[in-house]
Amino acid sequence: METGTISIDECSGGFDLYRTLESGQTYLWRRSDGEMYGGTPASDAWYTTVVSSGGTGDGDVIRVRTRDGRLEWESTTDAEALVRRLLRLDDDLEEIVAAGPDDPLLHEAYEAHHGMRLVQDPPFGCLISFICSAQMRVSRIHTMVTTLAREYGDAVAFDGETYQAFPTPDQLATATEAELRELGLGYRAPYVVRTAEMVANGEAHPEAARGLEYEDAREYLTQFVGVGDKVADCVLLFSLGFDEAVPLDTWIKSAIEEYYPDCDRGSYAATSRALRDSLGGEYAGYAQTYVFHHLRTGE
DNA sequence: ATAAGGCCTAAGAG
DNA sequence: ACTCTTAGGCCTT
């Protein structure tokens, strides 16, 4: 086992592990002391994920927790750089907040959820997670993703326990619609199967959107089955580094009605563009995530 | 390009 | 206990 610690003091703008991983951005981590989204974790609880080793062999297990102002990690590999990337610890959050617009709702959200960062999920797992997210509560999305990992992913041993990796495209493409309906995915079942097949057979890959202009990248992702504008924006924001992406979900739409009525331009693209400008452009997605979480939790 | 209707189902509200 | 509604939309027509 390899271990290490990262000083949270050195993370500009702070870092809150709980807020980052339980804010509905990622569904690829599990908490050691029970179900997520049901209250704050125990102070010594670990969050664990399994990432592809990038080649042959099993994936790497990574677990993290915060203790005494430091982020502790334990892993099957030297994971510091990976942890920094997945949790975006090198983002200058203070600068991002300062660069945002002088907006009362945004100030309130930044204040209430200090230290929440964007995540950077692996693209395929993120894509499937948000296909599952349609009309679904965060706790159920997490259950569905956990079930997919259990049924189709590799088991990886670490420190006397077994963890389930999220399935590869090839693995998930072996699933049938009937199986996934049986597992509770409902009408999303065929979407997941067909998208996994598209990635597995090389027809398209979410990673390929990375090099495109923002709106072209969103258009590219919508070719996957079960992916509309909103899900595409989530993948761009939470996985592919498009910090300007602003997913228009039900919470943000209600925020537009109440706080940004001028941004309602009819179509998704035009409204998204207007809200992106109102939220500061380059890091609009960061602002969106704070506003979304602020409204959803009512905190 | 935009507008309705249908869709799975667990879990909370009434 | 039982019904009704809702949940970070998408696909087809």
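Because only heavy atoms are used, hydrogens play no part in the values below, and waters and symmetry mates are left out as well, while side chains stay in. Quick note on labels: first sequence line is chain A, next is B, and so on, each numbered from 1.
Among the heavy atoms of the strands, none lies under 4.0 Å from A:Y268. Across all strands shown, A:Q25 has heavy atoms under 4.0 Å from base atoms, whether or not it also approaches the sugar-phosphate. Base engagement by A:R188 is indicated by at least one non-hydrogen atom pair under 4.0 Å involving a base atom. Within the 4.0 angstrom heavy-atom criterion, no nucleotide atom of any strand lies near A:T195. Here A:G226 lies in heavy-atom contact (under 4.0 Å) with sugar-phosphate atoms only.
The interatomic distance linking A:L295 (CG) with C:dA7 (P) rounds to 13 Å, in whole Å. One atom, CD of A:E219, and another, P of C:dC10, lie 13 Å apart when rounded to the nearest Å. Taking atom CG of residue A:L221 and atom P of nucleotide C:dC10, one finds them 12 Å apart after rounding to whole Å. Here C:dC10 presents its P atom at 18 Å from CD of A:E177, a figure rounded to the nearest Å. Between A:Y187 atom OH and C:dT6 atom P there is a gap of 15 Å when expressed in whole angstrom units. As a whole-Å value, the separation of A:F224 CZ from C:dC11 P is 12 Å. Here C:dC11 presents its P atom at 13 Å from NZ of A:K230, a figure rounded to the nearest Å. Distance A:I141 CD1 to C:dC10 P: 12 Å, rounded to the nearest Å.
Residues A:Y187 and A:Q135 have side chains that bring a donor and an acceptor to within less than 3.5 angstrom of each other. A donor and an acceptor atom, one from each side chain of A:Y152 and A:Q164, are nowhere located under 3.5 Å apart. If you check the side chains of A:Q25 and A:D121, you find no donor sitting under 3.5 Å from an acceptor. Side-chain contact check for A:R19 and A:H293: no donor-acceptor pair (N or O, by modelled atom type) lies under 3.5 Å. Neither side chain, A:D243 nor A:Y214, offers a donor N or O lying under 3.5 Å from an acceptor on the other. Counted by atom type alone, A:D60 and A:T77 present zero donor-acceptor pairs between their side chains at under 3.5 Å. Side chain to side chain, A:D103 and A:Y260 meet the donor-acceptor criterion of an N or O pair below 3.5 Å.
By the 6.0 Å and 45° rule, A:R63 stacks over the aromatic ring of A:W46.
For DNA chain C, the residues of residues 131-140 of chain A within the heavy-atom distance limit of 4.0 Å (strictly under) are A:A134, A:Q135, A:M136, A:R137, A:V138, sorted by number.
With a 4.5 Å cut-off on side-chain heavy atoms, A:W29 and A:T48 do not count as touching. With a 4.5 Å cut-off on side-chain heavy atoms, A:M198 and A:F224 count as touching.
For A:W251 and A:V225, each mapped to the nucleotide of DNA chain C holding its nearest heavy atom, the one lying further toward the 5' end belongs to A:W251.
Spacing of P atoms, B:dC8 relative to C:dT13, comes out at 15 Å, to the nearest Å.
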Inset, instruction - Starting at the 5' end of DNA chain B, write a dot or bracket for each base, bracketing those in Watson-Crick or G-U wobble pairs whose two distances are under 3.5 Å and using | for partners on another strand. - result: ..|||||.||||||

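When DNA chain B is scanned 5' to 3' for any atom under 4.0 Å from a heavy atom of chain A, the first and last hits are B:dT2 to B:dA10.
Looking at every heavy atom in both residues, A:L28 comes nearest to A:C126 through CD1-N, 4.3 Å.
Taking the six-membered ring for Trp and the full ring otherwise, A:F130 and A:F238 have centroids separated by under 6.0 Å.
Side-chain to base pairing of A:Y191 with C:dG9: no donor and acceptor N or O lie closer than 3.5 Å to each other.
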